[in-house]
Amino acid sequence: MAIFKSENGRLIMTDNNEKVWIEAWGKDALRVRAARQAKMPEEVWALEEPVSETAQVTVGEQEATVTNGKITAKINKIGKIAFYNQNGKLLLEEFVRNRRDIRSPKCSALDVDAREMKPILGGDYSVTLRFESDPTEKLFGMGQYQQPLINLKGCELELAHRNSQASVPFVLSSLGYGFLWNNPAIGSVTFGTNITSWKSVSTKVIDYWITAGDTPAEIEEHYAAVTGTAPMMPDWAMGFWQCKLRYRTQEELLEVAREYKRRGVPLSVIVVDFFHWPLEGEWRFDPQYWPDPDGMIRELKEMGVELMVSVWPTVDHKSKNYREMRERGLLINVERGYPVGLHCIDDTLHFDATNPEARDFVWSEIKKNYYDKGIQVFWLDEAEPEYSFYDFDNYRYHLGPNVQIGNVYPKCYARTFFDGMTAEGQKNVLNLLRCAWAGSQKYGALVWSGDIHSSFESMRNQFAAGLHMGIAGIPWWTTDIGGFHGGDPRDESFREVFARWFQYGTFCPVMRLHGDREPHTPPMSTVGGGRMPSGGPNEIWSYGETVYEMCRKYIFLREKLKPYITEVMRNAHEKGSPVIRPMFYDFPGDSKTWEPMEQYMFGEKLLVAPVMEAGARKKAVYLPDGTWYNVWTGEKLEGGRTVEADAPLTVIPVFTNDPEMLAFFRE
């Protein structure tokens with residue numbers, strides 16, 4: 001049976017060779033750790049913010065309790081933990097089936113432990129943590145997965161990063177709690193109707209954080225307080241971003257920016273995409289195709305356009321930096337076989353972003369070749385990192401084997417640039433990444449949803465992904481408008497997909513056009529960046545006159561909305577509020593808002609219902625209680641009901657609960 005003791009506001013339980021620590025960690029929150037080591041591991045992982053609260057610990061004969069504000073943990077003599085809110089309502093309890101638990105109606109000869117630690121040769125563990133499951137519970141968050149489900153109950157999710165998949169293991173429950181799996185190991189979670197199971201394939205500790213709150217917003221703000229909030233988004237980032245695969249030369253890119261200027265269409269950012277460098281890992285412009293980057297940057301700034309440059313973490317074996325970085329241990333190590341992480345054109349290894357020395361080395365190259373020229377926003381691609389083969393057990397980082405700590409890589413990648421840019425005095429750092437882990441937001445990570453397909457089906461997946469990422473604590477999120485793979489601007493069916501996606505993108509945290517369009521163009525040469533082909537045209541005038549006029553309308557609308565977007569971004573910065581969020585976030589007392597629906601709130605004043613079906617020209621929209629206005633017509637509507645909104649090809653249904661917002665939508 002377990003032995004309890006209280007030590008400096010922390011409850012410590014020992015039972016045989018297991019130690020469990022339960023302590024306050026932020027407002028109305030507890031951190032729980034369990035290990036079978038001589039010393040409890042000290043890493044804080046996602047929980048990097050300072051902790052000021054001290055829990056009230058009570059040790060009794062049969063049970064110990066830990067209370068911090070609105071949450072209480074109770075642990076009994078067999079080591080089972082249950083969590084309650086301030087009203088005594090059970091929020092979550094461990095799944096135990098043990099014959100020793102004679103006081104519980106769940107006493108059983110099955111002998112299943114909640115905290116299972118299976119030893120791995122060498123001393124670490126494969127772990128499983130089990131909780132009882134309420135079949136009526138609804139779950140949201142967990143990051144970005146390519147599936148359309150809004151309620152994650154019943155899902156099994158891989159706790160690992162891949163291209164277009166970002167594991168951010170924070171989940172918000174309709175029962176009134178938020179739960180963070182504070183472990184960057186490769187693993188999985190199953191939100192079954194009978195049991196919830198969290199698994200790590202290799203780790204030293206079970207580590208999680210749980211908070212209670214009366215509303216989803218309160219829970220989200222508790223989580224943001226301990227993992228960090230995004231910086232304040234800079235004003236220039238709130239406009240329209242132009243990108244394609246890929247502008248191959250300096251003159252090609254400049255001519256696109258000039259054309260936006262000639263047409264009088266506002267442009268905030270234009271992008272130099274991948275393989276503008278001679279070789280991966282040289283992090284500089286290829287002078288054959290980009291002969292005067294200083295002049296290019298100067299001309300763009302005169303037009304009021306920021307230049308974003310793509311950076312990959314990969315280092316070509318033939319690059320000038322490879323040998324030095326390999327000798328100094330600044331690259332990821334391959335456990336077996338030839339040292340290749342990703343083969344795109346040539347053999348490469350990724351720099352080890354978990355190594356502070358490697359971060360410093362890469363930033364010094366970035367500063368010299370880009371930042372000192374005036375480039376202050378970067379596209380940090382391949383951020384998972386992407387491997388040619390996702391054999392997670394074949395890679396080892398400075399902080400440990402990939403299977404134990406690999407999910408922290410994108411956070412460290414973002415930190416490489418955040419630390420360098422803030423050291424130069426830059427405020428409100430923002431960089432685009434293809435992946436994130438819990439806490440990435442504090443390093444200015446704007447996450448996009450990866451190399452996705454160009455279709456309505458894919459658009460529905462991104463719709464779900466964006467809402468889950470916001471709940472998972474990543475408020476800056478975007479997607480390739482129109483999708484990435486495929487799509488021909490001359491095809492009328494794709495033009496419909498593009499038009500609907502462009503409308504949706506207007507009401508995302510960042511409005512960014514990108515894509516690998518058909519038909520492709522061949523490589524320009526056999527050397528340097530010229531070896532890489534490019535996609536077809538992807539500017540707003542590439543899609544025909546009707547779509548072009550629609551794009552102009554929404555770009556100008558985005559500009560007009562900047563005062564409102566600034567207010568929304570300030571809430572994300574100060575409180576961790578998602579920029580886009582499910583309806584229940586703002587209307588938690590309305591049970592219908594907890595049901596899956598193809599609509600969301602963009603801030604607290606705009607209800608957006610994107611059309612994601614070919615041929616659809618109307619959309620059913622649920623309006624919660626209160627007074628609402630159709631922003632396009634000004635029609636006043638009473639809520640608490642579903643209405644049918646008109647949705648011709650160039651119109652996305654949008655409603656507001658604030659009549660003053662109507663002014664933004666007037667021509």
Side-chain angles (χ1 to χ4, degrees), residues 41 43 45-46 120-127 143 157-169 181 183-188 199-205 280-281 311-319 321-362 380-416 433-440 450-451:
E43 292 86 359
W45 297 123
I120 299 170
L121 184 64
D124 294 331
Y125 295 89
S126 169
V127 306
L157 303 175
E158 181 185 40
L159 302 179
H161 305 315
R162 299 174 185 262
N163 185 339
S164 77
Q165 176 174 296
S167 174
V168 188
W181 181 244
N183 190 325
I186 304 300
S188 64
K199 297 183 179 181
S200 294
V201 299
S202 178
T203 189
K204 294 177 171 59
V205 62
E280 292 171 71
V311 173
W312 281 24
T314 47
V315 184
D316 192 306
H317 288 197
K318 300 186 296 297
S319 77
N321 292 319
Y322 179 80
R323 182 171 181 177
E324 178 184 356
M325 295 184 76
R326 186 80 190 275
E327 290 172 347
R328 290 173 58 185
L330 307 184
L331 302 176
I332 288 172
N333 192 49
V334 176
E335 303 276 46
R336 304 179 300 276
Y338 189 65
V340 174
L342 178 67
H343 183 102
C344 183
I345 286 186
D346 295 308
D347 292 340
T348 69
L349 272 178
H350 308 78
F351 93 89
D352 187 350
T354 74
N355 184 342
E357 187 180 351
R359 294 198 294 267
D360 290 344
F361 180 94
V362 170
L380 309 184
D381 209 339
E382 305 291 323
E384 299 80 19
E386 182 175 12
Y387 293 113
S388 291
F389 302 98
Y390 287 102
D391 296 327
F392 295 113
D393 64 337
N394 195 33
Y395 307 102
R396 183 176 291 270
Y397 302 163
H398 172 76
L399 286 180
N402 186 17
V403 289
Q404 286 199 0
I405 61 89
N407 285 337
V408 80
Y409 186 94
K411 181 179 176 182
C412 296
Y413 190 14
R415 182 177 181 179
T416 303
L433 286 94
R434 203 172 66 186
C435 198
W437 194 66
S440 287
D451 296 347

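- A distance-only check finds no donor-acceptor pair linking the side chain of Asp347 to the backbone of Val340 [under 3.5 Å].
- A distance of 11.0 Å separates CG in Leu399 from CD in Gln404, rounded to the nearest 0.5 Å.
- The backbone N or O of Arg396 sits nowhere less than 3.5 Å from a side-chain atom of Glu335 that would complete a donor-acceptor pair.
- Checking side-chain atoms of Asn394 against main-chain N and O of Arg336 turns up a donor-acceptor pair under 3.5 Å.
- Formation of a donor-acceptor pair under 3.5 Å by the His161 side chain with backbone atoms of Ser167 is found in this model.
- Formation of a donor-acceptor pair under 3.5 Å by the Thr348 side chain with backbone atoms of Leu342 is found in this model.
- In terms of heavy atoms, Pro339 sits closest to Val334 at CA-CG2, 3.9 Å.
- Between atom OG1 of residue Thr314 and atom CG of residue Leu331 there is a gap of 10.5 Å, rounded to the nearest 0.5 Å.
- Pairing each heavy atom of Glu384 with each of Asn163, the nearest pair is OE2-CA, 3.6 Å.
- Here Glu386 pairs with Arg434 in a salt bridge; the nearest charged N to carboxylate O distance falls below 4.0 Å.
- Proximity of Pro169 to Trp437: side-chain heavy atoms (C-beta onward) are separated by under 4.5 Å at one or more points.
- Within the model, atoms OG1 of Thr416 and CZ of Phe361 stand 13.0 Å from one another, a figure rounded to the nearest 0.5 Å.
- Proximity of a side-chain donor or acceptor of Asp352 to a complementary backbone N or O of Thr354 within less than 3.5 Å is detected.
- Note that the CD1 atom of Ile120 and the OH atom of Tyr125 stand 10.0 Å from one another [nearest 0.5 Å].
- Taking 4.5 Å as the limit, some side-chain heavy atom of Val362 sits within range of a side-chain heavy atom of Met325.
- Residues Tyr387 and Tyr397 come closest through the heavy atom pair OH-OH, 2.7 Å.
- When side chains are defined from C-beta on, Tyr395 does not count as touching Pro385, because their heavy atoms never get closer than 4.5 Å.
- The environment of CZ in Arg323 is sparse: at most 12 heavy-atom neighbours from other residues, nucleotides or ligands sit within 6.0 Å.
- The distance from atom CD of Glu280 to atom CG of Leu349, rounded to the nearest 0.5 Å, is 11.0 Å.
- The nearest pair of heavy atoms linking Leu433 to Pro410 is CD2-O, 3.7 Å.
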>> Could you walk me through whether Tyr409 and Ile332 satisfy the side-chain contact (heavy atoms from CB on, under 4.5 Å) test, starting with their C-alpha distance in whole Å, then the side-chain angles of each, then the deciding distance to 0.1 Å, before giving a yes or no?
In response: CA-CA 11 Å; Tyr409 186 94; Ile332 288 172; 3.9 Å; yes
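- Side-chain atoms of His343 come within 3.5 Å of backbone atoms of Ile345 as a donor-acceptor pair (strictly under, hydrogens ignored).
- Shown here for Asn183 and Ala185, the closest heavy-atom pair between the two residues is OD1-N, 2.9 Å.
- With a 4.5 Å cut-off on side-chain heavy atoms, Thr203 and Asp124 do not count as touching.
- Relative ring orientation between Tyr338 and His317 is described as tilted, the plane-to-plane angle lying within the 30° to 60° band.
- A distance of 13.5 Å separates CH2 of Trp181 from CH2 of Trp45, quoted to the nearest 0.5 Å.
- Both tests hold for Arg162 against Tyr390: distance to the six-membered ring centre under 6.0 Å, angle to the ring axis within 45°.
- Nearest heavy atoms, Gln165 versus Cys435: O-SG, 3.8 Å.
- The aromatic rings of Tyr413 and Phe351 lie perpendicular to each other, with more than 60° between the two planes, well past the 30° mark.
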